[in-house]
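The structure appears right after this line, and notes come after that.
Sequence lines set the chain letters: A, B, ... in the order given, protein chains first and strands last, and positions in each chain run from 1.
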Amino acid sequence: MEKAYNHLNSEADIYKAWEESGAMRADETSNKPPFTIPLPPPNVTGELHLGHAAMLAIQDILTRYKKMQGHEVLWLPGTDHAAIATENVVIKHHGKQSREEWPSREDFMVDAKAFADEKHDNIVNQMKRMGSWLDWSREAYTFDEPRNFAVNRIFKDLYQDGLIERGYRLINWSVGAQSVLSDDELEWDEVKEPFFYIKCGKFIMGTVRPETKCANSPLIVHPDEDYVEFENSAGENFIVIKRLYDDKEKFFKTLNFLDADADYKVLKTTKGSDLVGEKFSAETYAGMRDFYVIADTVIDPEKGSGAMTISASHSADDYNLAKRWEKSPLSKGDLGGFMPPKDWFIQKIDFAGNMTEVAGPVAGFSVKKARNVSGKLLEEKGLLVGKDINYEHRVPLCYRSSCVVEPMISPQWFIMVEKEYTHALDGKTTLKRQMQAAVRGFENEDPAVQIIPERFNKEYFRWIDNLQDWCISRQIWWGHRIPVWYDEQQNIHLAEEQEIIFARHGESVGNRDSKVQGVDDPLTDKGRAHAQEMIEVLKSENVGVIVTGTSARNTETADIIANGLGVKVVHIEELSSYDTKDVAGMSIDDIGRVAAIKYCKENGKGEDFDVFVERLRIGLEKLKAVRSKGKIVFVTNRSIYSVLQVLRDGGDTSDIFEKRSKNSHLPHGVIDRWPIFQAPDLPNLRQDEDTLDTWFSSALWPFSTLGWPNNEAPDLQKFYNNAVNGQGTDVLETGWDILFFWVARMIMFGRYATNKFPFHTVYLHGMVTDEHGKKMSKSKGNGINPIDMIEEYGADPVRLALVIGSTPGQKIPIGPNKIKGYRNFVNKMWNATRFVGLQSADSETGAYERSVPTQPSADNLSLTDQWILSRLSTVCAEVKSSLEAYDISTAGDKIYHFVWGEFCDWYLEAAKVEPNIDVLRYVLAEILKLTHPLCPFITQQCWQELFSDSLIIEESFPSLSLENPEAVKQFTTVQNIVGAIRTLRAEKNLNPKDKIAAGIKTDEAHLKSASDLVKALANLSDLEVAAQAITPEHSATTIVDNLEIFVDIPFDADAEAARIEKLKTELSQKIAGLKGRLSNPSYTEKAPPKLVAETQAQLEQAESELQKLS
RNA sequence: GCGCGCAUAGCUCAGUUGGUUAGAGCGUCACAUUGACAUUGUGAAGGUCCGUGGUUCGAAUCCACGUGCGCGCACCA
């Protein structure tokens, strides 16, 4: 073994060995209890950052631990298509400004897909470098076909339940991204902008957005406040809220056009409610407009002038107010004919971020420019009566493009979270209620979902309780396109479970039974003639491709036809057994499905089936790639009547799939591997242009990856059915920043679609920061790339640094120093292994035999052996209970200190004096198993070096019952004695190399038997352990655990006396304190008796020790 | 404005239902260095547990108020 552990020599090979072992694949047929973690899929085009690394470390630890505990563990990997983020990156990657620069949407999608595919391996390989025990055989992608299938299915279900609606709503429009954003995608920025006071008739209203004050509007006052109408020296009349008029300082500061020295005449004072109904026309910067006074308590009487107008089309608050008033009888429907309701919702800004025609002089200007110009116009017209340039407020920005977000009214798709529907399990309910019940619990039931740390429950409820309909449509291209088609009348058509008919021509070309008999006959003359006939028949058709299996006869037939027509042949062996008549009229995907079903019926399910399906899929992909070239002609033989008959006669494919799914021999994934929702092949239908919010597909992740919507899928049955409370998966571990984006929505869709909440525990890790707790950012330059750290120090240290010393929900401070510290630990473990190897090696040859150690016999165990075995038992139990409680930090800390501070510092040192190789090997083996979940690489490497080539993860997690409290107590005394002698030696500045003599005054057998050990550890020349140990002439004295210890040390008599005096003082103080406590009757009466007894014992010991010193 | 969280050694943080002398890592200081361990060992120093008051036999821990920092939300026209 090398002197130092080199992770670069180990990690790649070890991971490869794990992958090749096949052990990473979870077995859905296993009888073991399942344990499932869905991996939060990182952005497929992204780079691994420390947040990912923390997530991977925590989940891997749980996964490995549960596997060693005997669970059938599935940690399911995948990547996310990250709609908006990826679309922006693709545009930038091609050096373009917008997606419109591509010739077509399809072209853009091709480029985007190529980009995502190219980037995919990068992030996957980075995930592997963390040592992640992921089941790559089940890797999924949020934008692959099975996930698209699931997305389309739930969309259809939700739509049919009335929970998805399309409608005009006020949405957040990102002018830069040209797309709607959800409320959660906004980033708020604090800005200072001028606040304008504008004259509106006699009223004065305030706004930061003067450019929007260009249209007819209701003018809102507070109903319960008094308003003062006054006249200035120029004879102009104004109305402001009385509070403002009375507060002269504020009054003149606000309305800074007024002269504080001038006299103002109050004409009248009116209550706000009495102003209601007043109609007037007034000058705006854009010309004369109509206003109508209404009263509403949204007016804050402490702020501004006490009046405002609204832009219902461009402000969420105004929109809500207008919506409320639209229905209110007070508005008299259309404000008495004066102001039609449509005037409430005038569009002043268009989707490019420019002013519309209503803005008159600034029409066509950008909002920013219009704000400046309208301000100037107001000033010119004398309408600007005040301006506060120090006004601060928050504006929404697009979280991706950091550009301005304008509230706009636009047609979008929504999920109705408060609409009642009937759920199979929960009866009449709403999505919101179901989300609440997940964490709060249904009536008389415990909550199904537990959030760690618990305080996030509050955050969750605050969000859910205020939840509004979820806008799911996005005006981008990279994403799941909304599976809805419109006809010319704008009626909505949902996709049906049927596909385009394209293969409609074919003829049998041979003896269909030959293959059944195992004979692959050459093509007969008749067959050749038939093939020539086919050419003639097909000449008039637009044939694009010939498809055939691989039998000699079919291949020859296909070649003849293809040559005759000048088209290509595609070989798909898996389709060899079709009769062309039977596939005629079927879609490619249906053909695939039926082929798979048939294969399964004949050969059963197994690994071969997976291979078959995969090859079939590849063949069908080839077919799809060329189908646009023309019709497809199958050249095959042999039919599968039993299945196809149903298809032909019944015509209802869902029927046959129902039958299929009840057959337990049939495979998972057959239906799911191909989308069943396709555009209806009717020329006049037009698909919705929008795509779905990226979180829509993410929200299905825990079950769409396991075969849903096929509820019979074995993966779903095995792994979406956890052992704890029968909910979906077990743990969802992620950052708290996406609790709402993602976790809440998985809960929503999970309950809706699967009748289960998708996990029972939500573990929220904190944000990774630099070692000073500061957020990592590019601008600060304090970012750390986990891959660099893995390169330099290894994956194990990075994992330890991320999990030890951090608690859920709190930030995770990390820096190179912390990682370096754990690198040292990993190396320590390596060297401990090396030491054990050397100890067990043949002294002549240096060779040792590898074997997995078993528990050593209880005979002939020294005190040290008993102690380490006892401590090992205790630590294993502690680590286990910490991990069960998801307290990984404590588990790691316990291991760290046990391995370094106890096993290496004491047991290995003792082993140099009194070796017991069996115990040594056994304890090390158990330590490696114990540490494996946290440090998979070093433990595997050490395991291989000393014990076996097997995978250490296949071992059971250690659980021992060799506790021996008496041995622990006795050994602790040994440790204390050694420590005390070392301290004395250091205090006297003695060279640690120099051997000295010492004595311990005691008769206890275990100390006598440990005297060689003490001698070695404390580097003593001589040690006398006896009840009457002779005190050396020049000796320092100290007391340990009520034992007198003499150390023969050259010393200064005065200094020694002072030291003893100090010890005595400390003891006296302690005694006084203990006595004080014991003499307090309320303590002896009320404190637990055990505690009082302990205090008494301490007092006695301290008194005894003091006596010995005197 | 409302809400949540945090405040413990020079730094970053643990600290269970209140219970001996409040802990760890890093850093600092001293000594050692042919060793399983260049990545090591031994020892030491270092704390008004943010402040004030309260509950209690007993408070870092529970309560109230205050101070400072961080975060979230918000009908700020």
Side-chain angles (χ1 to χ4, degrees), chain A residues 1 3-5 188 195 205-209 220 296-300 302-311 315-318 320-321 391-394 453 455-456 458-459 462-463 466 736 767 769-773 775 793 801 804-807 809-815 817-818 820-839 885 887 889-890 893 896-897 901 904-905 908-909 911-912 978-979 982-987 989-993 1017-1019 1066 1069-1070 1073-1074 1077 1080-1088 1090-1092 1094-1095 1097-1098:
Chain A
M1 283 176 79
K3 261 189 123 173
Y5 172 61
W188 292 86
F195 189 88
M205 52 146 173
T207 184
V208 278
R209 304 200 59 177
I220 299 146
D296 194 289
T297 52
V298 295
I299 294 291
D300 180 348
E302 294 299 326
K303 276 189 183 136
S305 58
M308 67 174 185
T309 59
I310 60 168
S311 293
S315 152
D317 310 331
D318 294 1
N320 291 334
L321 181 82
Y391 183 74
E392 280 183 20
H393 71 147
R394 298 200 319 159
R455 68 187 154 87
F456 280 97
K458 275 187 188 169
E459 302 274 331
R462 191 182 37 67
W463 189 77
N466 298 317
W736 52 258
M767 189 177 56
T769 65
D770 73 8
E771 46 199 332
H772 297 291
K775 205 171 179 173
Y793 300 110
I804 297 183
S806 70
T807 38
Q810 298 292 100
K811 57 192 178 186
I812 307 173
I814 190 172
N817 284 335
K818 193 174 180 189
K820 207 168 154 188
Y822 289 110
R823 188 270 316 266
N824 294 356
F825 171 72
V826 165
N827 189 58
K828 188 86 180 169
M829 195 173 260
W830 170 261
N831 268 295
T833 304
R834 195 172 142 233
F835 175 77
V836 174
L838 293 175
Q839 291 287 309
D887 184 356
S889 176
T890 300
D893 200 60
Y896 180 94
H897 286 107
C904 291
D905 287 352
L908 292 192
E909 289 306 317
K912 292 171 185 170
V978 171
R982 285 169 174 170
T983 305
L984 268 179
R985 192 203 286 276
E987 276 176 4
N989 273 331
L990 216 64
N991 189 324
K993 239 177 2 181
L1017 296 179
N1019 194 28
E1066 278 169 13
Q1069 280 170 354
K1070 189 178 174 185
L1074 292 168
R1077 203 185 305 169
N1080 180 347
S1082 50
Y1083 173 69
T1084 46
E1085 281 161 24
K1086 292 186 185 175
K1090 199 183 154 202
L1091 195 68
V1092 177
E1094 259 174 46
T1095 313
Q1098 280 168 30

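- Under the side-chain contact (heavy atoms from CB on, under 4.5 Å) criterion, A:Gln839 pairs with A:Phe835, A:Pro915, A:Ile917, A:Leu920, sequence neighbours left out.
- Partners of A:Arg209 by salt bridge (Lys or Arg N to Asp or Glu O under 4.0 Å), not counting sequence neighbours, listed by chain and number: A:Glu211, A:Glu406.
- Rounded to the nearest Å, the gap between the C1' atom of B:A59 and that of B:U48 is 15 Å.
- Atom P of B:G35 sits at a distance of 23 Å from the matching atom of B:C31, rounded to the whole Å.
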Show each protein N/O and nucleotides 22-26 of chain B N/O combination with a separation under 3.5 Å, one pair to a line.
unit_1, atom_1, unit_2, atom_2, d
B:A24, O3', A:His897, NE2, 3.2
B:A24, O2', A:His897, NE2, 3.3

Atom pairs under 3.5 Å: protein N/O with N/O of nucleotides 70-72 of chain B:
unit_1, atom_1, unit_2, atom_2, d
B:G72, O2', A:Arg462, NH2, 3.1

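- To the nearest whole angstrom, the two C1' atoms, one in B:G19 and one in B:U39, are 41 Å apart.
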With sugar-phosphate taken as primed atoms, P, OP1 and OP2 and all else as base, the protein-contact string of nucleotides 59-64 of chain B at under 4.0 Å (heavy atoms; B, S, -) is ------
Could I get a table of every N or O pair under 3.5 Å where one atom is in the protein and the other is in nucleotides 27-33 of chain B?
unit_1, atom_1, unit_2, atom_2, d
B:U33, OP1, A:Lys993, NZ, 3.2

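- Not counting sequence neighbours, the partners of A:Thr769 by the side-chain contact (heavy atoms from CB on, under 4.5 Å) test are A:Met767, A:Lys811, A:Pro813.
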Just the table, please: protein N/O against nucleotides 14-17 of chain B N/O, every pair under 3.5 Å.
unit_1, atom_1, unit_2, atom_2, d
B:A14, OP1, A:Thr807, OG1, 3.0

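- When the ring-ring contact (aromatic ring centres under 6.0 Å, His included) test is applied to A:Phe195, the partners found at least two apart in sequence or on another chain are A:Tyr197, A:Tyr391.
- Legend: residues meeting side-chain hydrogen bond (donor to acceptor under 3.5 Å, both in side chains) with A:Glu1094, ordered by chain and number and at least two apart, are absent.
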Under the 3.5 Å Watson-Crick or G-U criterion, the dot-bracket string of RNA chain B, with | for inter-strand pairs: (((((((..((((.....[...)))).(((((.......))))).....(((((..]....))))))))))))....
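- With sequence neighbours excluded, the residues forming a side-chain contact (heavy atoms from CB on, under 4.5 Å) with A:Ser315 are A:Asp317, A:Asp318, listed by chain and number.
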